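As structure tokens, the structure follows; a few thoughts come after it.
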Amino acid sequence: MDFADFLRASGLIVRSPMLDGRIHRVPTVSKPRKKNGAYRYMGDWGWARCWDSMMESAIWRADGPVKGAPARPLPDMAEMMRQAREEAAAAAQRARELVTGCVFDRHPYLERKGFPNERGLVHRDGRLVVPMRWFRSANRLQSVQFIEPDGTKRYLPGGVAKEAVFTFGAPDAPETWLVEGLATGLSVRAGLLAMRRPARVMVCFSSGTMALVGPQLLGQVYVVADYDWPNPQTGVLAGEVAAAATGHRWAKPHEQGMDANDVHQRDGMPALLELLRRAME
């Protein structure tokens, strides 16, 4: 049994295990919409944990017996992928309906983030709706992000977040600036306008999408990373790691726990412009 089969036998949904020694949270067969499983792969050994059914981690070794391996049959991956495609298509249709049903208006979240006159897509229930489109085609709507007036963020169930972005600016702009969140994108856009730079700003919604999309972009690309607090399990600074993974020039705020919007609101436009200039050095 190789490690991929071991993970599937443990009840985890993993298309291709990451051989990086890190702990990865993943969906499970029993709860495919939640990350109720985890694994770590070291090459010659690894472990899996499924909180749906396993009280302890199961250990896999390339050259020896598996400890605690469950006796469940391997899931039908072709069927699971078919179901995932159907769910993604249904979610995309739901996203189109939601976007069509919104009005273009101001929103309390945008005001709190320093943009009282900014307008966005607002649902009748008061949520801000941010379209999530495939980064290579604005016509391919994959999902939406919901933002409550208090700033709580959620995603459309079943929607595909992989390679999904929201973009400000012309698609043929000579520069692309990558950020994680909407408010950060608004601040970066404001700074670029103040600098009179013809650019587009691509909101990636997560550090994972930033690391995935960034290396595929051509032309002049810059990244403004969030200065995250360390992951309590791994100590990793997700924003910094993702920015470096893009292969492009990048910068982050000086103070931990800050993003570009925090800098903009607290310290003003001069501090924001200094951050953008550091990204271009």
Side-chain angles (χ1 to χ4, degrees), residues 104-122 126-132 145-153 165-171 173-207 209-211 213-214 217 219-231 237-246 248-281:
F104 202 56
D105 205 352
R106 298 181 178 89
H107 192 267
Y109 174 76
L110 299 175
E111 183 175 359
R112 283 200 307 108
K113 291 298 182 177
F115 298 93
N117 296 319
E118 185 73 26
R119 294 175 184 269
L121 296 172
V122 181
R127 292 181 294 179
L128 186 65
V129 176
V130 188
M132 300 174 65
Q145 181 187 58
F146 300 109
I147 305 180
E148 304 282 355
D150 66 0
T152 301
K153 298 176 182 178
V165 301
F166 176 77
T167 304
F168 298 108
E175 295 178 4
T176 300
W177 289 71
L178 297 179
V179 301
E180 286 191 42
L182 178 67
T184 304
L186 288 167
S187 287
V188 170
R189 182 189 65 173
L192 293 171
L193 288 172
M195 297 168 71
R196 300 181 183 275
R197 297 188 73 89
R200 63 174 178 170
V201 178
M202 193 171 281
V203 177
C204 297
F205 299 100
S206 72
S207 59
T209 295
M210 178 186 292
V213 168
L217 297 176
Q220 190 64 61
V221 180
Y222 302 104
V223 181
V224 180
D226 295 351
Y227 193 173
D228 301 311
W229 296 105
N231 183 301
L237 301 173
E240 182 173 336
V241 170
T246 66
H248 301 292
R249 296 178 183 176
W250 63 278
K252 65 181 180 181
H254 290 299
E255 188 175 330
Q256 199 163 55
M258 299 278 283
D259 61 29
N261 180 254
D262 297 324
V263 172
H264 188 193
Q265 291 205 81
R266 191 188 72 178
D267 302 329
M269 181 62 76
L272 174 64
L273 297 183
E274 188 270 336
L275 173 61
L276 301 185
R277 292 190 183 101
R278 281 197 287 114
M280 292 184 285
E281 292 176 352

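Along the sequence shown, residues are numbered consecutively beginning with 1. Side chains are part of it too, since the values below use all heavy atoms of this structure and drop only hydrogens, waters and symmetry mates. Owing to the predicted nature of the structure, the values given are computational and were not obtained by experimental measurement.
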Working note: Glu281 + Arg277, criterion salt bridge (charged side-chain N to carboxylate O under 4.0 Å, His left out); need CA distance, chi angles, decisive distance, verdict.
CA-CA 7 Å; Glu281 292 176 352; Arg277 292 190 183 101; over 6 Å; no
Could you give me the CA-CA distance, side-chain angles and deciding distance for Leu182 and Leu128, then say whether side-chain contact (heavy atoms from CB on, under 4.5 Å) is met?
CA-CA 11 Å; Leu182 178 67; Leu128 186 65; 3.8 Å; yes
Between Met202 and Val179, does a side-chain contact (heavy atoms from CB on, under 4.5 Å) hold up when you go through it step by step?
CA-CA 6 Å; Met202 193 171 281; Val179 301; over 6 Å; no
Trp177 vs His248, test: side-chain contact (heavy atoms from CB on, under 4.5 Å). Steps then yes/no.
CA-CA 10 Å; Trp177 289 71; His248 301 292; over 6 Å; no
Candidate pair Asp259 and Tyr227, rule side-chain contact (heavy atoms from CB on, under 4.5 Å), full reasoning
CA-CA 6 Å; Asp259 61 29; Tyr227 193 173; over 6 Å; no
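Under 3.5 Å, the side chains of Thr167 and Arg200 contain no donor-acceptor pair of N or O atoms. The closest side-chain donor-acceptor pair between Ser206 and Thr209 falls under 3.5 angstrom.
For the pair Lys252 and Met258, the minimum side-chain heavy-atom distance is 4.5 Å or more. With contacts defined as side-chain heavy-atom distances shorter than 4.5 Å, the pair Gln256/Pro230 qualifies. By the 4.5 Å heavy-atom criterion applied to side chains, Leu276 and Leu192 are counted as neighbours. Two residues are said to be in side-chain contact when any heavy atoms from C-beta on lie closer than 4.5 Å; Leu178 and Val224 fail this criterion. Between Glu274 and Met269 the shortest side-chain heavy-atom distance does not fall below 4.5 Å.
For the atom pair CG (Leu110) and CD1 (Ile147), the distance works out to 7.5 Å, reported to the nearest 0.5 Å. To the nearest 0.5 Å, the span separating CZ on Phe205 from NZ on Lys153 amounts to 9.0 Å. In this structure, Glu180 CD and Asp228 CG are separated by 6.0 Å, a value rounded to the nearest 0.5 Å.
Between the side chain of Asp150 and the main chain of Thr152, a donor-acceptor pair closer than 3.5 Å is present. Remark: side-chain polar atoms of Asn261 are paired, donor with acceptor, to backbone N or O of Lys113 under 3.5 angstrom. His107 places no side-chain N or O within donor-acceptor distance of the main-chain N or O of Leu121, the cut-off being under 3.5 Å. Between the side chain of Ser187 and the backbone N or O of Thr184, no donor-acceptor pair lies under 3.5 Å. For the pair Arg249 (side chain) and Val223 (backbone), a donor-acceptor distance under 3.5 Å is absent.
Taking the side-chain contact (heavy atoms from CB on, under 4.5 Å) definition, one finds that Arg189 meets it with Glu118, Phe168, Leu186, Leu193, Val201, sequence neighbours left out. Remark: Gln220 engages Glu175, Tyr222 in a side-chain contact (heavy atoms from CB on, under 4.5 Å) (not counting sequence neighbours).
Ala260 and Leu275 make their closest contact through CB-CD2, 3.9 Å (heavy atoms, listed as atom of the first residue, atom of the second, distance). Here the closest heavy-atom approach between residue Ala211 and residue Ala245 is recorded as CB-CB, 4.0 Å. Closest approach of Gly151 to Tyr109, counting heavy atoms only: CA-CD1, 3.7 Å. Contact detail for Gly239 and Ala225: the closest heavy-atom pair is O-CB, 3.6 Å. Summarising the geometry of Gly185 relative to Val203, their closest heavy-atom pair is CA-CG2, 4.2 Å, with the distance given to 0.1 Å. The two residues Asp105 and Val122 come nearest to each other via the heavy atoms O-CG2, 3.8 Å.
In this structure, Arg127 is positioned above the aromatic face of Phe146, its NZ or CZ under 6.0 Å from the six-membered ring centre and within 45° of the axis.
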